[in-house]
Amino acid sequence: MCIRSWTGRVNGLKYQLLALDMDGTLLNDNHEISPETAHWIGKAKDAGIHVCLSTGRPFSEAVPFGDQLGLSTPMVTVNGSEIWRSPHELYHRELFDTAIIRKLYAIAEQHDVWFWAYAVEGAYNKKSWDSSLLDTNQWIKFGYHTENAEIRHQILLQLQEVQGLEITNSSLTNYEINPAGVNKATGIKVVCELLGLEMNQVIAVGDSLNDLAVIQAAGLGVAMGNAQITVKENADYVTSSNNDDGIAEVIRKFIFSEEQD
């Protein structure tokens with residue numbers, strides 16, 4: 001379903017949608033949006049650009065930043081497992097089979113690593129986990145964290161044996177697991193359908209493997225200066241770091257450049 005009042009290339013600009021990862025991208029290392037970045041996002045909005053948060057965070061941890069920026073356009077959360085028609089109106093949600101969550105939990109227990117899980121009912125981790133949750137909750141994402149590279153490797157080998165998983169990360173020391181075929185690219189494609197846009201009208205910006213699919217699918221894929229090497233290698237452009245207003249640089253260079261056609 002398209003929101004017809006939002007469709008079209010109404011401002012003469014090549015790119016119409018700016019899809020922004022949050023941690024390591026929109027947010028600096030203090031987990032804040034800098035005044036410079038907020039200023040240029042505001043200018044993009046004023047020019048008619050749709051600004052979409054595209055994050056691995058759950059809705060509750062993402063929407064305060066969308067509200068801070070005054071965003072009213074769709075939002076992608078939990079790495080694409082949730083698409084919001086507007087920041088407070090859910091459009092689509094992709095759930096895990098509980099049997100898969102049981103397997104993921106068993107792997108975490110086997111290796112005694114930190115883990116977390118997002119459900120419709122709330123966020124849980126190793127400290128707050130209760131096995132009874134498996135039978136009562138609707139699960140959206142599961143994650144692991146360990147500084148031990150060998151344990152991470154063993155976890156990855158086991159994850160690759162489980163059917164129905166989309167495996168990415170948001171840092172070099174974790175894995176983030178969504179249902180197979182669910183990622184930020186699929187989420188932003190739905191956002192484009194809602195806005196009546198094409199993927200070639202999208203600038204996607206990120207820093208981690210959970211951004212890779214959308215960076216590859218977008219009209220312009222941008223890696224932050226602090227991005228993982230694989231992300232940089234697959235991006236069309238590498239901007240400044242999240243602590244140096246890399247998003248502001250992207251907006252100035254690719255949205256307001258005089259070279260736009």
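Every heavy atom of this structure was used, including side-chain atoms; hydrogens, water molecules and symmetry mates were not. Just so you know, residue 1 is the first one in the sequence shown, and it goes up from there.
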Between the side chains of [Y] and [X], is the shortest nitrogen-to-carboxylate-oxygen separation below 4.0 Å, so that they form an ion pair?
| X | Y | answer |
| --- | --- | --- |
| Asp135 | Arg102 | yes |
| Glu249 | Lys253 | no |
| Arg252 | Glu36 | yes |

Quiz item: Which word best sums up how the rings of Trp129 and Tyr105 line up, parallel for under 30°, tilted for 30 to 60°, or perpendicular for over 60°?
Solution: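 Rings of Trp129 and Tyr105: parallel, as their planes differ by under 30°.
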Practice problem: Mind telling me whether Phe142 and Phe115 have parallel, tilted or perpendicular rings, with 30° and 60° as the class edges? | Solution: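 It falls in the parallel class, under 30°.
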When rounded to the nearest 0.5 angstrom, what distance separates [atom1] in [X] from [atom2] in [Y]?
| X | Y | atom1 | atom2 | value |
| --- | --- | --- | --- | --- |
| Cys52 | Met75 | SG | CE | 8.5 Å |
| Ile101 | Asn137 | CD1 | CG | 10.0 Å |
| Phe65 | Glu32 | CZ | CD | 8.5 Å |

Would [X] and [Y] count as a close aromatic pair, with their ring centres under 6.0 Å?
| X | Y | result |
| --- | --- | --- |
| Tyr124 | Tyr118 | no |
| His88 | Phe59 | yes |
| Tyr91 | Trp84 | no |

Quiz item: With side chains defined as the heavy atoms from C-beta onward, is the minimum distance between Gln68 and Ile33 less than 4.5 Å?
Solution: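 They are in side-chain contact.
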Quiz item: Heavy-atom distance under 4.5 Å between the side chains of Glu233 and Ile229, does that happen here?
Solution: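 Contact flag for Glu233/Ile229 side chains = yes.
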Quiz prompt | Verdict with supporting geometry, Glu147 and His145, side chain to side chain donor-acceptor pair (under 3.5 Å) | solution = CA-CA 7 Å; Glu147 302 286 337; His145 170 86; 3.3 Å; yes
Exercise. Going by the side-chain hydrogen bond (donor to acceptor under 3.5 Å, both in side chains) test, name the single residue among Asn210, Asn183, Asn178, Thr186 that passes it with Glu166.
Key: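 Single side-chain hydrogen bond (donor to acceptor under 3.5 Å, both in side chains) partner of Glu166 among Asn210, Asn183, Asn178, Thr186: Asn183.
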Any donor-acceptor pair under 3.5 Å linking the side-chain atoms of [Y] with those of [X]?
| X | Y | answer |
| --- | --- | --- |
| Asp21 | Ser54 | no |
| Asn242 | Thr25 | no |
| Ser241 | Asn243 | no |

Quiz item: So Gln154 and Glu150, side chain to side chain donor-acceptor pair (under 3.5 Å) or not? Walk me through it.
Solution: CA-CA 6 Å; Gln154 292 302 318; Glu150 178 57 30; 2.8 Å; yes
Quiz item: Under 4.5 Å between side-chain heavy atoms, hopping through other hydrophobics if needed: is there a path connecting Leu134 to Ile177?
Solution: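 Yes: a chain of side-chain contacts under 4.5 Å links Leu134 to Ile177.
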Quiz item: Is it true that Trp116 and Val162 fall in one hydrophobic cluster, defined by side-chain heavy atoms closer than 4.5 Å?
Solution: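 In one cluster: no.
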Exercise. Evaluate whether atom CD of Glu89 has more than 12 neighbouring non-hydrogen atoms of other residues, nucleotides or ligands under 6.0 angstrom away.
Key: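 More than 12 within 6.0 Å, yes.
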